[in-house]
Structures are given as C-alpha cells and as structure tokens.
Amino acid sequence: MRPEDRLEKKHPMEEFLRMDRMPHIWCSGCGIGIVVTSFIEALQKSEINPDKVCVVSGIGCTGRVAGYLRLDSFHTTHGRPIPFATGLKLANPDLKVVVFSGDGDIVGIGGNHFIHAARRNMDLVVICVNNFNYAMTGGQVAATSPIGANLSTAPYGNFEYPFNLPYLAEACGATYVARWTCLHIRRLTKSIQEALQKRGFSFIEVITPCVTLYARRNRLGDGLNLLRYYYENSEIRHGADTRTLDIGYQGKIIVGKFVDIEKPTFLDCMNNHLRKVLGNKYQPWGVKS
Amino acid sequence: MSVRKKSADPKGVLTGVHYLDGDYAIAEGALAAGCRFFAGYPITPSTETAERFAERIPLVGGVFIQMEDEIASIAALIGASWAGVKSMTVTSGPGFSLMMENIGLACMMEVPIVIANVQRGGPSTGLPTLTGQGDMMQVKWGSHGDYEIIALSPDSPQECFDLTIKAFNLSEMYRVPVFIMTDECVGHMHEKVVIPPAEEIEIIERKWYEGPKDKYLPYQPDVDLVPFMVKAGDGYRFHTTGLTHDQRGYPVINAEAQDWCVRHICDKIRLNADKIIEYKEDETDNAEIVVVSYGITSRVAWKAIQDARKAGIKVGSLRLITVWPFPEKRIEELAGKIKAFVVPEINLGQIKREVERAAKGKAPVYPVSHCGGWVHNPDDILKVIKEAAK
C-alpha cells in the first residue's frame with residue numbers, strides 16, 4: 001500500500017468516535033482507550049442499533065468517555081451517571097443505556113446510587129474502569145486503592161480496606177458481574193457484548209493502568225510493566241465465589257465472569273405487579289403492544 | 001419555528017371541582033401538564049405530592065420512582081427529560097440543598113425540568129412540619145456559578161394547580177429548570193380546586209429540532225435565544241456536558257467559551273424576562289404604600305391591607321407570581337411614585353433586599369420578617385404599614 005492511500009483510509013471505529021474531538025486527553029500508557037475500543041467492538045458485534053444506545057459518564061478520566069463516543073452521550077455530574085441513566089432508561093425503555101465511568105465516580109461518590117440501581121435490577125450496563133486511584137485530580141486514595149499503595153492523600157501508604165466490587169455488585173442484586181484487566185481485550189469485549197445483549201443490571205469491572213499517577217508514585221514502571229503484572233498475576237476463574245475476589249497491593253487479580261442470571265428488571269416488576277393489582281385500569285409503560 | 005401550543009392530554013386531566021391540598025394540587029397540575037415521570041424522595045411537608053403522583057400515574061401511563069435520595073431524584077429527572085418525557089420532583093429545604101449541584105447541571109445542559117419546593121423552617125433540619133419562606137434566595141443562587149432560573153410562588157391550592165402547568169410550559173419554552181416555591185401552609189391547606197376540561201388547558205411543547213441530522217447543534221440559539229432540542233434515541237448522536245461547551249455541546253475550557261456559554265444561559269432568561277414575569281396588582285395607581293408579598297404571606301397581608309384601607313391609608317398590593325426573574329422594572333416605577341414599600345415574608349428579609357435593590361433608593365422598604373413556624377399576624381403587618389405611612 002502506498003502511503004497516500006493509507007492516509008485516506010478511515011479508522012475502522014470512526015463511525016463511533018467523535019474524530020473532531022481527537023486527540024483525547026488520556027495519558028500514553030493509560031488503559032481507558034483499550035476499554036473504549038473493546039466497547040465499540042462489542043457494540044459492532046452486538047448488532048444493536050447504535051442510534052438507540054446512550055452512554056452516560058460521570059466525572060474523572062473515564063468520565064471523558066462519553067465525550068469521545070459518537071453516540072447520544074451525556075457527561076454528567078460526579079457520581080450521578082447511574083441515576084441520570086435510570087431516568088433516561090425509564091423515560092424511554094427502548095434505549096440501551098450504558099454507564100461508562102471510573103471507580104471513584106461509580107463506587108466512591110456514587111456508591112449509594114450503584115447499590116440501589118443493582119437492587120432494583122435497573123436495566124443498565126455499567127462499565128467501571130478501576131485504576132485504583134482518583135487520577136484526574138492527581139492520584140488521591142480511592143475506595144478501591146489496595147492496602148499499602150501510596151497515594152497523594154495517603155502519602156504513608158493506604159491503610160483503608162478497599163471494596164471488592166464484584167462481591168458488592170452481586171450482593172446488591174446485579175444479574176451479570178464480570179471483571180477483566182485491560183490486557184484481556186478479547187474476553188472483555190465478549191463480556192461487554194453479553195452485557196449489551198442482556199436485560200438487567202450488568203456490571204463489568206476493568207482493571208486498568210494509571211501510569212502517570214498510581215504507577216509513578218508506587219514505582220511500578222510504565223504501561224508495559226503493568227500489563228506484564230496483569231499477565232503474570234491475573235487468573236481466570238469463571239464463576240468464582242465473589243467473596244474471594246479482593247485485590248491486594250500488586251497481588252493476584254482473579255478475573256472472569258462471576259454472575260450471569262436472569263431476573264425480571266425494575267420495569268418488568270413494575271408492569272407485572274401493577275397489572276396484577278390494577279387489572280385493565282393499569283396503563284403499562286414501555287411495553288410494546 | 002414558533003413555539004407549539006396545544007391542549008392538554010385528557011388522560012392526565014381530572015376535570016371537575018375538587019377539595020385538595022396544595023401538595024395534591026401540584027401533582028394534579030403536573031399530570032394535566034403532561035408530566036409522565038416523577039422521581040422523588042420523601043420529605044415533610046412535600047411528600048403528599050409524591051404519594052398522589054404514585055397513586056395516579058399507573059392509571060395515566062408513566063413512571064413514579066422513589067429514588068435513594070434527592071441527588072438521584074434530580075439526576076433522574078434530567079435523564080428522563082433528555083428522553084423527551086416531562087419530568088418533575090418535589091422536595092423541601094434539606095432535599096433542596098442536596099439538589100443544588102444537579103440544578104446547575106440542568107441549567108448548563110439546558111434541560112426542562114420542574115421542581116416544587118414546599119418550604120419549611122430552616123436552616124438544616126429546622127422545622128420539618130412548620131412553614132417557612134427561607135429558600136427564596138437559595139432557589140436563585142444555590143448552585144455555584146452564574147445562571148438563571150424561573151421561580152413561581154402560588155398562594156393557594158388552586159394556584160398550585162395552575163402554576164404547576166405554567167411551570168411546565170415555561171420550562172419547555174425556555175429549556176430551563178422551573179421552581180414552584182410554595183410552603184408548608186399552602187401545601188397542607190385544603191381548598192376548592194377547579195380542574196378545567198383538557199381542551200381548555202393550554203400546553204406548550206418543547207421546540208423540537210426537525211432539520212437535517214448532521215446539521216444539528218444542541219446549543220445553537222434560535223431567535224428567542226432558546227436552542228432547539230432533540231430526544232435521545234432519535235439518531236442525532238449528540239453530546240451534552242456540564243462542562244463549559246460550544247454550540248456543538250463539546251467541552252471547551254477557556255475564557256472565551258465560558259463567556260459565551262454562561263452569558264447564553266443567563267441571557268435567554270434575562271432578555272425574555274418581560275415575557276416571563278407575572279404579578280398581580282391591586283390599587284397601586286394612587287397608593288402611598290405598596291405591600292410586596294408572595295405565597296402564603298400574601299393571603300395574610302391581604303387582611304392587613306384591607307384594615308389599613310379602612311383606617312384611611314392608601315395601600316396598594318403587588319403580589320409576586322414570578323419571584324424569579326424579579327419584576328425590578330415595575331418596582332422601580334412604583335418606587336418613584338410612592339412613599340414606601342412594605343415587604344412581609346417568612347424569612348429575615350430575603351425579598352425585602354431585592355425590592356430595595358430594585359427601588360434604587362427612590363422609596364424606603366420596610367420589612368415585616370419572622371423566622372418561620374407560623375404565618376404572620378395581620379396586625380403585625382398593619383403596624384408596619386401605619387409606621388411606613390407616617
């Protein structure tokens with residue numbers, strides 16, 4: 001191929017990216033872009049009409065995802081993409097609503113919304129990029145930081161217990177729970193595709209490197225070093241008991257699909273219950289006649 | 001493209017003569033206006049609106065969801081509104097405080113939503129079951145940064161119904177959060193509420209964009225400064241953010257973009273203020289004293305005004321229907337002609353200061369203030385009217 005021909009070639013994912021917003025703000029070695037790539041590939045494979053897909057992000061590095069995806073996309077407030085997405089989904093049940101945000105956003109400041117949306121089995125796909133720290137603001141300690149890791153607001157090392165996210169999601173009622181690192185591109189893509197094609201509260205945690213802050217502060221090397229850490233320390237264990245999925249500092253990372261069950265969603269429950277109680281008087285919502 | 005007017009969807013309209021409290025009347029007003037999504041969190045003295053909506057919506061077709069808190073409630077409204085469904089919530093002081101951040105988001109994203117605040121005594125937990133009007137400045141300034149909103153103040157259950165419809169119409173027209181600033185007294189007061197037939201209720205629909213998909217700009221001001229809107233899921237693949245943005249809705253982080261973005265959300269209300277503002281005047285033409293009041297306090301003030309007239313004082317009344325934007329032009333006009341303003345309110349002088357600002361020193365302003373828990377004794381207002389008339 002001659003170089004001038006190559007220039008005319010479009011990026012295969014251009015249909016789904018806002019090319020007029022490139023270059024993006026993510027650091028080199030960051031894993032968020034890999035998760036975005038996986039998401040787009042999953043969307044392409046899923047054959048869902050992209051016009052019906054909404055992406056809702058909160059604040060933070062991963063919060064910027066909504067701004068780069070050429071879909072109906074919403075960059076909301078810190079911690080609130082899940083209730084925002086709940087409103088979108090309930091007002092128009094035909095939409096496929098995806099929450100794409102970081103660990104600080106979804107389970108730090110937004111933890112209350114996370115547990116309640118899972119409890120209600122709200123029909124949402126939640127992709128949580130976990131980089132073990134608050135990166136956008138400069139590497140502060142997070143609800144996911146491993147014990148012993150050094151963070152800018154835990155300068156002597158973190159001593160708080162971190163969340164085990166798959167366990168939390170399952171305990172609260174999520175019907176699909178998986179965890180991957182951004183080294184597991186193929187499996188991550190498959191998980192996102194499964195979640196997109198499923199009804200109910202689906203949760204996917206993706207462990208990603210934060211090279212500029214987390215890795216630098218802890219002298220863990222660059223992106224490649226972290227991918228090597230994932231390669232050497234992650235173990236695929238589908239169906240593992242989610243209680244066993246804690247992540248220690250530079251410790252083993254159990255990945256896989258842990259939960260995949262069927263359960264009526266919030267709207268199913270609402271429509272079924274109210275129809276039973278109110279009979280013909282009930283005006284169903286979001287049910288195709 | 002002009003604003004579209006039509007009559008109400010009869011499914012939501014409970015036509016007839018009812019005996020309702022203000023909270024219930026707000027729920028009926030919302031249903032009549034076409035609101036089909038309500039997300040809320042229980043809080044005294046506003047909860048009855050949520051209860052009424054929860055009971056009625058399954059028979060009309062729509063969603064009621066009790067969220068985990070007020071932050072989630074308002075976030076859900078903004079999402080639902082982007083999906084094209086009219087949305088509302090109701091709350092009181094503490095819940096209102098929790099909503100502030102996302103009120104800013106709704107202003108920045110230019111999303112029509114309606115929020116009723118049934119005010120109680122504050123600050124903090126304050127007086128959960130007793131009345132107050134202490135959130136009148138919070139509704140205007142409570143979220144950070146410069147922005148504009150519209151706030152209405154009903155003085156009766158009937159007005160709770162009427163002004164809730166007006167709130168939805170204004171919200172859809174200007175793509176802005178609109179507030180119904182009522183209080184515990186009006187909220188819990190039962191009175192006759194007449195709900196007219198659906199065809200007599202005028203509903204204003206959002207300005208939907210209908211041009212070519214690739215030309216759509218979510219924040220391009222139209223002639224009235226209000227941009228056209230689209231629904232999520234209709235294939236426009238738009239982006240919206242709480243960050244400072246350009247007409248495409250894309251974030252732009254610099255002073256020029258900030259200037260355009262913030263002036264735009266303020267100007268669309270400020271420059272349309274004359275069309276938005278509503279107040280009711282009584283005998284202000286030859287008045288020496290004008291009582292400026294709103295909400296429940298205007299009902300109490302009315303007794304004081306009548307007593308003062310009996311005592312030979314020329315007293316006019318200006319009752320604010322729209323508290324924000326504030327009718328500053330009219331206040332200044334009156335200030336040039338009268339001896340003094342009297343402003344009774346259930347707070348320590350929030351709107352009194354606004355009247356003072358608008359009067360520009362042309363007439364003194366006498367407050368009749370108390371901290372909440374009860375409505376004024378009309379005699380206290382009368383006393384101040386007499387003093388102002390001296």
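Only heavy atoms go into these numbers, but all of them, side chains included; no hydrogens, no water, no symmetry mates. Chain naming here is simple, since letters A, B, ... match the order of the sequence lines and numbering starts at 1 in each.
Looking at A:R21 and B:P251, their side chains come closer than 4.5 Å, going by heavy atoms from C-beta outward. Between B:I71 and A:H113, some side-chain heavy-atom pair lies under the 4.5 Å cut-off. At a threshold of 4.5 Å between non-hydrogen side-chain atoms, the residues B:I65 and A:M122 count as touching. Looking only at side-chain heavy atoms (C-beta outward), B:F238 and A:D72 come within less than 4.5 Å of each other. Using a 4.5 Å cut-off on side-chain heavy atoms (C-beta onward), A:M270 and B:V63 make contact. You'll find the side chain of A:R64 reaches within 4.5 Å of the side chain of B:L243, heavy atoms only.
B:M108 does not touch chain A: none of its heavy atoms, backbone or side chain, sits under 4.5 Å away. For chain B, no part of A:R119 is nearby; none of its heavy atoms comes within less than 4.5 Å. For a residue to count as touching a neighbouring chain, one of its non-hydrogen atoms must lie under 4.5 Å from one of that chain's; by this rule B:L77 does not touch chain A. In this structure, chain A has heavy atoms under 4.5 Å from both the backbone and the side chain of B:A72.
Counting non-hydrogen atoms of other residues, nucleotides and ligands closer than 6.0 Å to NZ of A:K263 gives a total above 12. When the shell of 6.0 Å around CZ of A:F266 is examined, it contains more than 12 heavy atoms from other residues, nucleotides or ligands. The number of heavy-atom neighbours closer than 6.0 Å to CD of B:E55, taken from other residues, nucleotides and ligands shown, is 12 or below. At most 12 heavy atoms of other shown residues, nucleotides or ligands fall within 6.0 angstrom of atom OH in A:Y167.
For the atom pair CD1 (A:I82) and CE (B:M67), the distance works out to 10.0 Å, reported to the nearest 0.5 Å. Taking CG of A:L88 as the reference point, atom CZ of B:F37 lies at 9.5 Å (rounded to 0.5 Å). In this structure, NE2 on B:H245 lies 12.5 Å from NE2 on A:H75, to the nearest 0.5 angstrom. To the nearest 0.5 Å, atoms CZ (A:R80) and CG (B:D69) are separated by 7.0 Å. Rounding to the nearest 0.5 angstrom, the gap separating the CG atom in B:D234 from the CG atom in A:L95 is 9.0 Å. One finds the CZ atom of B:R237 at 5.5 Å from the CG atom of A:L71 (value rounded to the nearest 0.5 Å).
Contact tally against chain B (heavy-atom pairs below 4.5 Å) for A:S57, A:G79, A:G286, A:G87: the top residue is A:G87. Comparing A:D94, A:I59, A:T76, A:L274 by how many heavy-atom pairs each has under 4.5 Å with chain B, the most go to A:T76. In terms of heavy-atom pairs under 4.5 Å with chain B, the best-connected choice from A:A91, A:A117, A:P83 is A:P83. Considering only heavy-atom pairs separated by less than 4.5 Å from chain A, the leading option among B:V85, B:V60, B:L59 is B:L59. In terms of non-hydrogen atom pairs under 4.5 Å with chain B, the most contact-rich of A:V56, A:T77, A:T86 is A:T77. Between chain A and the options B:G249, B:A75, B:S81, heavy-atom pairs under 4.5 Å are most frequent for B:A75.
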Kindly determine whether A:Y68 and B:Y250 satisfy ring pair (Phe, Tyr, Trp, His ring centres under 6.0 Å), including the steps that lead there. CA-CA 10 Å; A:Y68 299 126; B:Y250 289 3; 9.4 Å; no
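At a heavy-atom cut-off of under 4.5 Å, chain B is reached by A:P50, A:D51, A:K52, A:C54 from residues 46-55 of chain A, listed in order of number. Within residues 99-106 of chain A, no residue has a heavy atom under 4.5 Å from a heavy atom of chain B.
Residues A:Y282 and B:P58 come closest through the heavy atom pair CD1-O, 3.2 Å.
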